[in-house]
Amino acid sequence: MSQTKEIPLMEKIVSLCKRRGFIFQSSEIYGGINGFWDYGPLGAELKRNLRDTWWRAMTRDREDVVGLDATIIMHPAIWKASGHVDTFSDPMADCMVTKKRFRADHVESQSGTVYSYLGAIAKEGREAAEPLLAGEKLGDVVRHLDFDQQKLNEGFYVAHDALKKKLEPAVYDAVESKAHGVRFSVLLPPGKPPESARKVAVQFYEGRGLKEPTLFGETTAKIENSRAFNPENGAQLTEPKPFNLMFHTFVGATASDDDKAYLRPETAQAIFAQFKNVVDSTRQKVPFGICQIGKAFRNEVTPRNFTFRSREFEQMELEFFIKPDEAIEAVCGSVVQWSESADLSTPQPNWGWEMWHRYWVAQRTAYYAGIGLGADVLDYYWQGKADLAHYARACVDILFKFPFGTEELEGIAARGDFDLTAHQNASGKPQEFFDDEVKQAFAKWNDEQRAALVARKQAENAAKEKGALPAEKVAEWCERLFKGFYVPHVIEPSAGLDRLALAVLALAYTEVEKTDAKGAKETVTVMRFHPRIAPKKVAVFPLLKNKPELVAKARSVYDLLKKHLAADYDEGGSIGKRYARQDEAGTPFCVTVDFDTLGERGPELLDTVTLRHRDDGSQERVKISDLLGRLLPLVS
RNA sequence: GCGGGUAUAGCUUAGUGGUAAAGCUCCAGUCUUCCAAACUGGCUAUGAGGGUUCGAUUCCCUCUACCCGCUCCA
């Protein structure tokens, strides 16, 4: 019976990642840097495989998606147009009693009575000071105690200093160490008794180290629609502090404010910014997509959960451009509605944004299944109206059951024409696509039909809660559409590569109980990666390393395989140790060259090797000439 | 950023105000036969910076990183 305490699964995974060279802490020899992680030799291979499977599934296997590889630093105007410079700045405020943190702009606005206090004194200080006070009120003494630079400027210092001179040093000392002249307020909704405000205020001063505090200087005031108080207990929040998630840099050596630029917080905006160039250079017609894999940077408030939320991370994003539903209506007569029984296997001309959105959810789900992430480990979260940004029509998160909780791997949003329109407006360059098919379709419409569409669009627009346009803009938009011009709408599947790597690491991690030759139980770790994404596909060993003929043969097998597969050669330690090493690296196949391979037991075994399978340890005898034919289909 | 916890070798742990211990891993060697075998030898550590002290890995302070919660999202 071992008494080793249970180590949490996540810690074991982190430990294995370091031990085997999947993931290291960045800059570790200098103490590390918060929110940054490096991929070691096996991690780099794993990540590359994931990247390659995505790239292949998203663009090479398709005719309607092309790739892009844009810079990390782009014109700063891109981030103003996209809204990131403004909206990526989250104001945060903390509850002064519970320390709970709030997005200051998300705090529920409240009305009621504000109870304010000038300060408080602990019971011990009050009892010590009261008999000694010469005509001064204890509350007046307390109020002038704590002061900062701003208060000094406001003349508080004079009052404080005068008081100090006036009072007996013994009284002053008794009060100073046991009291706080710090203002604090509590908001009470109508109908609540003042005692509940006092209770919260007492908690606040207790939190600052005062025992059994007496409050001083209570005043009340009515307040309407304030976001400055914690809705749960009414306690005052700290002043909102902005947290801007954009990383800044400077382009040019002078590093002046004019040279300010940003590291991209997402790869998507480059796709929008290059939309016209791609259209003009590829013969692609809407519907089509542009995808990109690359680094992105966010100055996260709290990087957490190993690589899950990093400040530098890699995204795999697709922007799939589609016709507006009104164009589909003109071309096909109607837009097909999504239903549970809809066939999502092959895109159809009469699909509107909703079908395309569902289609991409299905495509992405199939992708995950293809690398071993099946329905049992994934989950979906369909964002409700309240979660959605005003420009988004729908968004679903694909979630993975991580050891630390079920968290997002990928978001698939239907974003309308928001992004391209934003860049069109900001840059002054039209981002419209000319669609002859749409032009021809509308050419068959009469004036009445057109007027009806304009009226319908205007009515829909007027009914919007947020982001409604002037009616004449809607009419303008319709007129452009009738001529075949529109800003494409977009479906955006956006996945985190590092999150995917972490997910497959967590999923692969398996502990197997083994009993060794001496009967002792031990736990060994096997990384059960899907063979398509395993960092190394095959490892080759000579059974014994001190026999030159075995080594030479094993090396020749290794040379044969490594041209086609990520292969490893290992002759260190015993054969069992080598298998165990490869199990921890997640190598699905091992090949061992023995004396039979050299023909020692007859010609029928000549040039055959042992092929050992990672997941069940089973072995089979395979001809060297058959190895590639056996392995390649399993790993690609 | 706030609150709580942690920091000794590649990993898992031990220990001490006075030379830092072990197992596993790793490296080299012996071994003709397939799942961390055995044997021999070897490398490697007190997160960083201050302070107290004759002397600090140990006591104190600051910083950093990691883990949990708040928060956030790819």
Side-chain angles (χ1 to χ4, degrees), chain A residues 4-5 7-8 10-12 14-16 18-21 24-36 88 90 92-96 98-103 106 207 238 241 243 245 265-268 296 298-310 313-317 397-399 404 407-413 492-500 502 512 514 516-518 522-526 541-547 549-550 572-584 590-598 600-601 609-610 612 614 617-619:
Chain A
T4 52
K5 61 172 180 274
I7 300 168
M10 203 54 216
E11 274 181 43
K12 291 197 248 185
V14 172
S15 172
L16 178 123
K18 181 175 186 190
R19 190 169 74 244
R20 289 264 84 115
F24 305 128
Q25 196 178 10
S26 170
S27 318
E28 195 188 85
I29 62 167
Y30 289 101
I33 177 165
N34 189 302
F36 297 89
F88 250 50
D90 295 339
M92 307 294 252
D94 300 333
C95 172
M96 291 173 76
T98 62
K99 307 289 183 196
K100 183 170 174 176
R101 170 153 292 187
F102 294 87
R103 275 278 296 273
H106 286 188
T238 57
K241 274 183 262 175
F243 282 80
L245 301 183
E266 62 170 34
T267 59
R298 293 184 192 176
N299 220 340
E300 291 291 343
V301 178
T302 313
R304 266 305 153 78
N305 288 327
F306 200 27
T307 58
F308 183 79
R309 178 171 298 112
S310 302
F313 59 102
E314 198 159 346
Q315 290 185 308
M316 306 186 291
E317 293 195 294
D397 295 336
I398 299 182
L399 313 166
F404 46 81
E407 297 278 1
E408 184 180 350
L409 274 186
E410 168 161 357
I412 303 171
E492 179 190 87
S494 169
L497 176 53
D498 305 271
R499 289 184 173 186
L500 179 55
L502 186 58
V512 181
K514 270 191 162 179
D516 69 15
K518 289 176 290 188
E522 61 177 351
T523 304
V524 298
T525 305
V526 182
F541 317 138
L543 188 57
L544 295 167
K545 74 167 162 179
N546 59 345
K547 295 290 173 272
E549 58 277 27
L550 283 182
S574 68
I575 188 80
K577 188 169 282 191
R578 293 179 219 153
Y579 284 144
R581 266 202 286 259
Q582 296 300 330
D583 284 347
E584 277 199 340
C590 291
V591 166
T592 300
V593 169
D594 59 16
F595 292 96
D596 293 348
T597 313
L598 304 176
E600 208 169 75
R601 282 207 297 175
V609 290
T610 304
R612 180 260 193 187
R614 176 195 64 200
S618 65
Q619 298 187 351

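Numbered from 1 within each chain, the chains take letters A, B, ... in sequence-line order. When reading the values below, keep in mind they use all heavy atoms of this one structure, side chains included, and skip hydrogens, waters and symmetry mates.
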Please identify each residue that fulfils side chain to side chain contact (heavy atoms under 4.5 Å, CB included) with [X], with sequence neighbours left out.
{"X": "A:N546", "result": "A:L544"}
{"X": "A:S494", "result": "A:Q315, A:E317, A:E492"}
{"X": "A:E600", "result": "A:F595"}
{"X": "A:S26", "result": "A:I33, A:F36, A:D38"}

Using the [atom1] atom in both, what is the distance from [N] to [M], to the nearest Å?
{"N": "B:A38", "M": "B:U46", "atom1": "P", "answer": "30 Å"}
{"N": "B:G17", "M": "B:U58", "atom1": "P", "answer": "11 Å"}
{"N": "B:U40", "M": "B:C35", "atom1": "P", "answer": "23 Å"}
{"N": "B:A9", "M": "B:G69", "atom1": "C1'", "answer": "32 Å"}
{"N": "B:C59", "M": "B:A14", "atom1": "P", "answer": "15 Å"}
{"N": "B:C60", "M": "B:G3", "atom1": "C1'", "answer": "23 Å"}
{"N": "B:C68", "M": "B:G50", "atom1": "P", "answer": "32 Å"}
{"N": "B:G15", "M": "B:U6", "atom1": "P", "answer": "16 Å"}

Kindly write out the residues that satisfy salt bridge (charged side-chain N to carboxylate O under 4.0 Å, His left out) with [X], not counting sequence neighbours, or none if the list is empty.
{"X": "A:R304", "value": "none"}
{"X": "A:E549", "value": "none"}
{"X": "A:R614", "value": "none"}
{"X": "A:D596", "value": "A:R601"}

Nucleotide paired to B:A56 in any strand shown, Watson-Crick or G-U, under 3.5 Å: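 Base partner found: none.
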Taking any heavy-atom pair under 4.0 Å as a contact, classify [X]: base, sugar-phosphate, or nothing.
{"X": "A:E410", "result": "sugar-phosphate"}
{"X": "A:L497", "result": "nothing"}
{"X": "A:G35", "result": "sugar-phosphate"}
{"X": "A:G617", "result": "base"}

Please list, pair by pair, any protein nitrogen or oxygen found under 3.5 Å from a nitrogen or oxygen in nucleotides 8-11 of chain B.
residue : atom : partner : partner atom : Å
B:C11   : OP1  : A:K18   : NZ           : 3.0
B:C11   : O3'  : A:S15   : OG           : 3.1

Residue list, side chain to side chain donor-acceptor pair (under 3.5 Å) with A:K545, at least two apart or on another chain: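 A:K545: no side chain to side chain donor-acceptor pair (under 3.5 Å) contacts found.
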N/O (side chain, A:N305) to phosphate O (OP1/OP2, B:C68) under 4.0 Å: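 Yes, within the criterion.
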Among B:C67, B:C66, B:C73, the one nearest A:F306 by side-chain distance: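 Looking only at heavy atoms from C-beta outward on A:F306, the closest nucleotide is B:C67.
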Could you list, one pair per line, each protein nitrogen or oxygen that sits under 3.5 Å from a nitrogen or oxygen of nucleotides 26-34 of chain B, together with the distance?
residue : atom : partner : partner atom : Å
B:C26   : OP1  : A:R581  : NH1          : 2.1
B:C31   : OP2  : A:N546  : ND2          : 3.3
B:U32   : OP2  : A:N546  : ND2          : 3.4
B:U32   : OP2  : A:K547  : NZ           : 3.0
B:U33   : O4   : A:E600  : OE1          : 3.1
B:C34   : O2   : A:Y579  : OH           : 2.4
B:C34   : O2   : A:Q619  : NE2          : 3.0
B:C34   : N3   : A:T610  : OG1          : 3.2
B:C34   : N4   : A:D594  : OD2          : 2.6
B:C34   : N4   : A:T610  : OG1          : 2.7

Identify each atom pair where a protein N or O and an N or O of nucleotides 45-50 of chain B are less than 3.5 Å apart, giving names and distance.
none

